[in-house]
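Worksheet: the structure to be examined is printed underneath.
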Amino acid sequence: MKLLQFFLFPFVLFTKFTTRIDAASNGSDDVTETKLLDGSVVTRSPVKDQANLAYDVREMVELLDSGNHAEAQEIYTLGKYSLQFDQYGNEIPQKRTLASLSQNALAGKFKNEMTYSFHLFGLSGKKSSKLNDHSTYAHDFVMEVLADPNSGRIAAEAAVALNLWMYVVHEMWDAVQDCLNAVEADQTESYLALTNNQGKGVYAIDEAIAYYIGSDQQGGSGNGFSLYTLVQDAGDLFGKNSPEAEVNAAIKEFYFEARTAMSFNDACTTRSNTVENLYSITIKMVQKMYIPLVQMLIHSLRAEDGVRTQMYAYAIIPQISQCKSDTFQSLKALLLDREEYFKADFEKIIGLLQESYPCLGITCADIGAYRTDEVAQCADPPGKLPLAGYSPTSNVVEESRIDLDILQIRSLLLMNKVSAADMIYRWGKNSQSSIGSNGPFLSLQYLATTSMRSRVDPFYDQYVSYHDSEVYADAMIRSAMEGAGKWKSVTTGQLSEFVSKTLQYQVMFIIALAYLNEAYDEICDENNDKKDIDAASHSWDIGAAFLIGSLEGHTEGGDMNNGLLHWNLVNNMADKYDTLNSNGYAKANSQLEDLLYAGKGELRAYDCEDVEDIGRKMATIIIMPIVQAVIAYALQLEGQGIGSSSADLAGGEAIATAILPILAYYEPQTAEVLVRNMIMDKDTKPVIDGSQAVANALYPLIDQFGIECKDMGDISGVNACSSSNTGSTSNADIVGRSGILAFLLIPLVFSISHIMQ
């Protein structure tokens, strides 16, 4: 049979598929497994009835082709072939239905799952208060199409691309959560024995593959009625079948990996990393499942099929809400907000989609070329593209994508999806870097806890001393996400802002400096005999990637609206303090870019003295925007009252906490001013002493780091270099008390010992 016979458009012939329906069900006493795909996939659980839901799709297609929309709707809403059973194995009257796969959202079935949450986030225009308006988006779309007598078989196709697609993903996330629950409960061996087949996620994984493949599906064929055939159809259009679609082959492998992970006796216990494995398998599986949706959207656009364009846009564009905001908003405006698609926008839409591929975890090669040459395969970007104008000499693309984890954690917390945000924090999602990782992804928690941070001497010691914890940032983040202490009563906006800003300006700030310091040690540490210049250059580039991030893009100066790391803070503060250059980005970032190039050049020349001098200059540039940001937040917050729910309160606390340990070490009295004014307290008015008092408290850092007042600028008349600072502790006083003149001159990047050698 032709691969395209089922899911493609009405002008493609459809031949009825009339194989006898197997009556085997979950209610059978003897059935303990299900054979799918000509027996090449054998589940450990009886999931034949889940696979039989494909027959409902088949019958919908037959009815829709004959123009009988009413009976097709009956099949969709009431079901026919997918039986259900009670806990004793007795068949119940209600059938499993395609409609219920979407309507289950009303009972909270997908409540904390990140893929579904991002979909609602996108459909709501990234408005967390509007998520519930779209809970049953898939069902609503199918019903709307069924009501149109001229819609052909699109309703059946939508039931697969929308309802079934998200439900397969749900089953995988359900498996992760089941396994995680078992780990956290530290279940006993007797419980594990009782749940060997259906507990801990095994059953959910089997259900996922049953729904995905469907009954009577032949391997490498488009003869079926579920997702497997949809993928075959898409793959055939883009030259990705041989004869099985690459995506289908990958999904099978992911299933086998998950099943193997669950097969060990200590699976889903504290003695194994099963849950981390299941999590990474699920992330990679979802990424592969994006591919046919993108392919079919391109096909629909090219065919100028308005309804299918709307359907596949509905299926994939909301997922791009987890990516660069400007890209998502543009695609949303072009495809979701309009009632019709304009052919003139084709090239623009394709370009925006391709821009989103890395964030979705897919490549140009994954998508392929549409019908050989109608739409050529795009080229995946090279590994050494500039980061906001800085061109690395090594591949740090994956490291730079860690900012996507921060972006997605911020969005999930804003939606109150704490458990999903916690998974990304603990296990990563977007950065497939080999840095300190036991799995495929680099995680922010690893960066927040690695001992490598101790290279940033003496700042690391000051942070540890101030917080009385070696994992100070991790402790703050976990406390906030677990709702401990004052975090129990904060708003989702405040939680999102505090965690994301802590990640941006404490976790990433320190780890970037650690890698720059590692680069120096590779060449300049007298105890290191290797002098590996390539390793030093790579470490330097990683440090730059952690300062800049992927969301800044490639053009000179970066992206003021989308960046998330230190580079963006510099740009935004320059905008507020009127210190942008003639090209529209921060003068300080222009200087920082020059210093990044110069530092690497001096490393390659083995000129350690000049690298130290460059580090001193970088210190001023790196510390200045944090000081500026504290003052800017103070100005914003001084008008807030007691008990304010403003998210800026949490952002102000996070940015103040990034500088407090340094200030407290050298100037305890002025540090107390920051604590009193910038740390959230529901019973105290924010910035109680006024924004100028906060600025005054920060003057010692401005003075000691040699920051020029003209570079600092002022904001709304508030100036840290105000004459009211005459009472501040002098440079000599600080030096005398601390006994560390060197520190106040050293770069943030290099340790005191390097300077004093």
Side-chain angles (χ1 to χ4, degrees), residues 388 390 456 459 462 501 504-506 508-510 512-513 516 543-544 546-548 552 557-558 560 563-581 585-596 599 613-635 651-652 654-663 665-667 670-671 674 678 691-692 694-716 718-722 725 728 731 734 743-750:
Y390 170 74
V456 189
F459 281 178
Q462 291 165 358
K501 288 290 188 291
Q504 288 167 266
Y505 306 127
Q506 292 194 57
M508 297 309 301
F509 168 68
I510 288 293
L513 301 181
L516 293 172
F546 286 161
L547 282 174
I548 301 170
E552 291 289 353
M560 189 85 75
L564 279 182
L565 301 184
H566 204 83
W567 185 276
N568 188 257
L569 181 67
V570 178
N571 271 342
N572 275 286
M573 289 305 104
D575 187 42
K576 288 181 181 294
Y577 284 80
D578 195 24
T579 56
L580 297 171
N581 64 17
Y585 67 97
K587 295 175 183 176
N589 272 340
S590 179
Q591 296 165 5
L592 182 57
E593 181 186 344
D594 290 343
L595 291 170
L596 285 169
D613 183 58
I614 288 165
R616 293 185 184 95
K617 294 173 182 176
M618 290 177 71
T620 299
I621 295 172
I622 291 173
I623 205 72
M624 184 174 69
I626 300 178
V627 174
Q628 290 174 319
V630 174
I631 297 170
Y633 268 108
L635 191 65
I655 201 75
T657 305
I659 205 75
L660 261 172
I662 304 168
L663 185 59
Y665 187 82
Y666 293 101
E667 192 65 41
T670 57
L674 251 64
M678 300 301 295
S691 55
Q692 186 60 60
V694 171
N696 293 346
L698 291 165
Y699 180 74
L701 288 180
I702 295 171
D703 186 31
Q704 301 306 332
F705 278 92
I707 299 172
E708 296 284 343
C709 289
K710 64 180 178 62
D711 294 329
M712 268 292 299
D714 64 39
I715 179 171
S716 300
V718 178
N719 188 339
C721 294
S722 167
N725 286 310
S728 297
N731 187 6
I734 293 177
F743 166 71
L744 296 169
L745 299 174
I746 64 167
L748 301 187
V749 180
F750 310 114

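Throughout, residue positions are numbered sequentially from 1 according to the sequence presented.
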How far apart are the closest heavy atoms of Glu552 and Ala388, and which atoms are they? CB-CB, 4.0 Å

Passes side chain to side chain contact (heavy atoms under 4.5 Å, CB included), Ile626 versus Tyr505? Steps please. CA-CA 8 Å; Ile626 300 178; Tyr505 306 127; 5.5 Å; no

Looking at Gly652 and Ile655, what are the two nearest heavy atoms and their distance? O-CG2, 3.3 Å

Exercise: identify the closest heavy-atom pair between Gly651 and Lys501: CA-CG, 4.2 Å

NZ/Lys710 to SG/Cys721 distance, rounded to the nearest 0.5 angstrom? 11.5 Å

Heavy atoms of Leu580 and Lys587 approach each other most closely as O-CE, 3.4 Å

Verdict with reasoning, Asn589 to Glu593, per side chain to side chain contact (heavy atoms under 4.5 Å, CB included): CA-CA 6 Å; Asn589 272 340; Glu593 181 186 344; over 6 Å; no

Report the distance from atom CG of Leu596 to atom CG of Leu516, rounding to the nearest 0.5 Å. 7.0 Å

Mind checking the CG-CD1 spacing from Asp578 to Ile715? Nearest 0.5 Å is all I need. 10.5 Å

So do the side chains of Tyr666 and Pro700 get within less than 4.5 Å of each other, counting heavy atoms only? no

Checking the side chain of Tyr390 only, and the main-chain atoms of Ala544 only, is there a donor and an acceptor separated by less than 3.5 Å? no

Which pair of non-hydrogen atoms, one from Leu698 and one from Leu663, has the smallest distance, and what is that distance? CD2-CD2, 4.3 Å

The test is side chain to side chain contact (heavy atoms under 4.5 Å, CB included); show your working for Leu569 and Met573 and say whether it passes. CA-CA 6 Å; Leu569 181 67; Met573 289 305 104; 4.1 Å; yes

Are the side chain of Gln504 and the backbone N or O of Leu565 linked by a donor-acceptor pair below 3.5 Å? no

Drop me the distance from Ile707's CD1 to Met624's CE, to the nearest 0.5 angstrom. 6.5 Å

Ile659/Ile623 under side chain to side chain contact (heavy atoms under 4.5 Å, CB included): CA gap, chis, key distance, verdict: CA-CA 9 Å; Ile659 205 75; Ile623 205 72; 3.4 Å; yes

Quick check for you: to the nearest 0.5 Å, what is the distance between Gln628 atom CD and Asp711 atom CG? 9.0 Å

Among residues at least two apart in sequence or on other chains, which ones pass ring pair (Phe, Tyr, Trp, His ring centres under 6.0 Å) with Tyr633? none

Value for CG (Asp613) from CG (Leu595), rounded to nearest 0.5 Å, stands at 9.0 Å

For the pair Asn571 and Asp575, evaluate side chain to side chain donor-acceptor pair (under 3.5 Å) and give the outcome as yes or no after the intermediate values. CA-CA 6 Å; Asn571 271 342; Asp575 187 42; over 6 Å; no

Asp714 (side chain) donor-acceptor with Tyr577 (main chain) under 3.5 angstrom: no

Val570 versus Ala588, closest heavy-atom pair with distance: CG1-CB, 3.7 Å

One pair to check against side chain to side chain donor-acceptor pair (under 3.5 Å): Asn696 and Gln692. What are the steps and the verdict? CA-CA 6 Å; Asn696 293 346; Gln692 186 60 60; 2.8 Å; yes

Hey, is the main chain of Gly557 close enough, under 3.5 Å, to the side chain of Trp567 for a donor-acceptor pair? yes

Please work out which of the three classes, parallel, tilted or perpendicular, describes the rings of Phe509 and His566, given edges at 30° and 60°. parallel

